[in-house]
Structure formats: C-alpha cells, structure tokens
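The structure appears right after this line, and notes come after that.
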Amino acid sequence: MFLYTKFSIGHADHFNPGHYGFVADDLAAMMEQIKHLPHEFVAEIVVSFLKNHCIRCEWIAANPELARLVSSKSVRSDKIESLFESCQKNSVFSQELETYLKGRLTPGMM
C-alpha cells in the first residue's frame, strides 16, 4: 500500500539534506539497484520522473531499462516524490532539491 507523506515546506524554506536523511538513503538504494544499467541520462530520467512524472522520449530511447524501472516505481522513491509535491509553491527549495539529486546521480557518483 502506498502511504502518502506530506511535508510542511514554507515559502522561505531551503532544502537541507541533513533535514531529509531519507533522500540520501533512497538515492543510495536506488543507485545500488541501477548501477549495472547504462549511465546515459540517469539524473535527467530520475529527477524528471520524481518531480513531474514525465520522461522525455529521447531519454527513454537512450536508457529504456532505467526509464521502465523508474516509471514502474520499481525503485524506491515515494518519499522524494512527496517532497517534490510538498514544495511546489517554493521554487527555491524545489531547485535546491533537484540540484542535490542531480549531483548525487551523476555517473561519477554511482
């Protein structure tokens, strides 16, 4: 069963990875699960799906297995999705979260 978590993100709040330890935990589990896959567009696919529930066609063509895993929710990400949902009215927090995720999902970090 999917449990929806709502986070209280104020208009002036900033993303601090120390306050959201589950993000690093979920990313570590995700990276372990996908480390054998091609590294093309990993950050783009993951972040785009978690933030907007969409993946560009050219990214899917370049890395179809990752796109399938992410979009089928075979990788653990529900709390990160909820965090993105909760910060929709705070673009700074959302951008900082996105930047953090992309930094952790770069091929050199995997």
Side-chain angles (χ1 to χ4, degrees):
M1 174 169 57
F2 176 73
L3 297 175
Y4 181 76
T5 304
K6 180 74 173 167
F7 298 95
S8 180
I9 309 294
H11 291 289
D13 290 346
H14 289 269
F15 175 71
N16 179 337
H19 296 154
Y20 302 94
F22 65 86
V23 174
D25 294 343
D26 286 359
L27 280 176
M30 182 184 302
M31 290 190 301
E32 181 62 30
Q33 191 173 356
I34 66 173
K35 68 182 179 185
H36 66 284
L37 298 175
H39 291 173
E40 285 80 23
F41 299 110
V42 170
E44 293 85 350
I45 290 170
V46 171
V47 172
S48 182
F49 186 80
L50 295 178
K51 184 176 182 181
N52 301 313
H53 296 104
C54 65
I55 303 171
R56 297 176 104 184
C57 292
E58 58 266 27
W59 300 341
I60 294 170
N63 201 337
E65 184 64 16
L66 176 63
R68 185 191 64 74
L69 285 172
V70 171
S71 63
S72 69
K73 299 192 180 231
S74 295
V75 294
R76 184 176 161 195
S77 60
D78 56 315
K79 288 183 183 175
I80 300 173
E81 287 180 75
S82 294
L83 190 57
F84 268 122
E85 179 74 24
S86 298
C87 70
Q88 284 184 345
K89 294 182 180 179
N90 183 333
S91 61
V92 171
F93 188 102
S94 179
Q95 185 59 50
E96 291 169 345
L97 174 57
E98 183 175 337
T99 299
Y100 173 78
L101 294 172
K102 285 181 176 178
R104 295 285 310 270
L105 289 166
T106 59
M109 299 298 294
M110 293 179 67

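Counting from 1, the numbers follow the sequence of the chain as shown.
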Can you see which heavy atom on [X] is nearest to which on [Y], and at what distance?
{"X": "Arg104", "Y": "Leu27", "result": "CB-CD1, 3.8 Å"}
{"X": "Ser74", "Y": "Ser72", "result": "OG-OG, 2.7 Å"}
{"X": "Ser48", "Y": "Cys54", "result": "OG-O, 2.6 Å"}
{"X": "Asn90", "Y": "His11", "result": "ND2-O, 3.2 Å"}
{"X": "Ile55", "Y": "Ser71", "result": "CD1-CB, 4.4 Å"}
{"X": "Asp13", "Y": "Phe93", "result": "O-CB, 3.8 Å"}

Within a strict 4.5 Å, meaning less than it, do heavy atoms of the [X] and [Y] side chains meet?
{"X": "Ser8", "Y": "Ser86", "value": "no"}
{"X": "Leu37", "Y": "Val42", "value": "no"}
{"X": "Val23", "Y": "Leu101", "value": "yes"}
{"X": "Lys73", "Y": "Asp78", "value": "no"}

Check your understanding: Using the ring of each side chain (for Trp, its six-membered ring), is Tyr100 parallel, tilted or perpendicular to Phe15, with breaks at 30° and 60°?
Key ->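 Because their plane-to-plane angle lies in the 30° to 60° range, the rings of Tyr100 and Phe15 count as tilted.
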Exercise for review: Specify whether Phe22 and Phe7 have parallel, tilted or perpendicular ring planes, treating 30° as the upper limit for parallel and 60° as the lower limit for perpendicular.
Suggested key: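 Parallel, since the angle between the ring planes stays under 30°.
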Point to revise | Gap between atom CD of Glu81 and atom CG of Asp26 - 0.5 Å precision | key: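 Going from CG on Asp26 over to CD on Glu81, the span is 10.0 Å.
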Practice item. Hey, could you give me the NZ/CG distance between Lys79 and Asp25, rounded to the nearest 0.5 Å? Key: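 Lys79 atom NZ to Asp25 atom CG measures 8.5 Å (nearest 0.5 Å).
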Practice item. For residues 44-60, pull every pair meeting salt bridge (charged side-chain N to carboxylate O under 4.0 Å, His left out), keeping only residues two or more places apart or in separate chains. Key: Lys51-Glu98, Arg56-Glu58
**Study point:** Check against side-chain contact (heavy atoms from CB on, under 4.5 Å), Leu50 and Leu83
**Key:** CA-CA 9 Å; Leu50 295 178; Leu83 190 57; over 6 Å; no
Practice item. Take Lys6 and Ser82, measure what side-chain contact (heavy atoms from CB on, under 4.5 Å) needs, and give me the verdict at the end. Key: CA-CA 6 Å; Lys6 180 74 173 167; Ser82 294; over 6 Å; no
Point to revise | For Ile45, the option from Leu105, Leu66, Ile60, Ile34 that meets side chain to side chain contact (heavy atoms under 4.5 Å, CB included) | key: Leu66
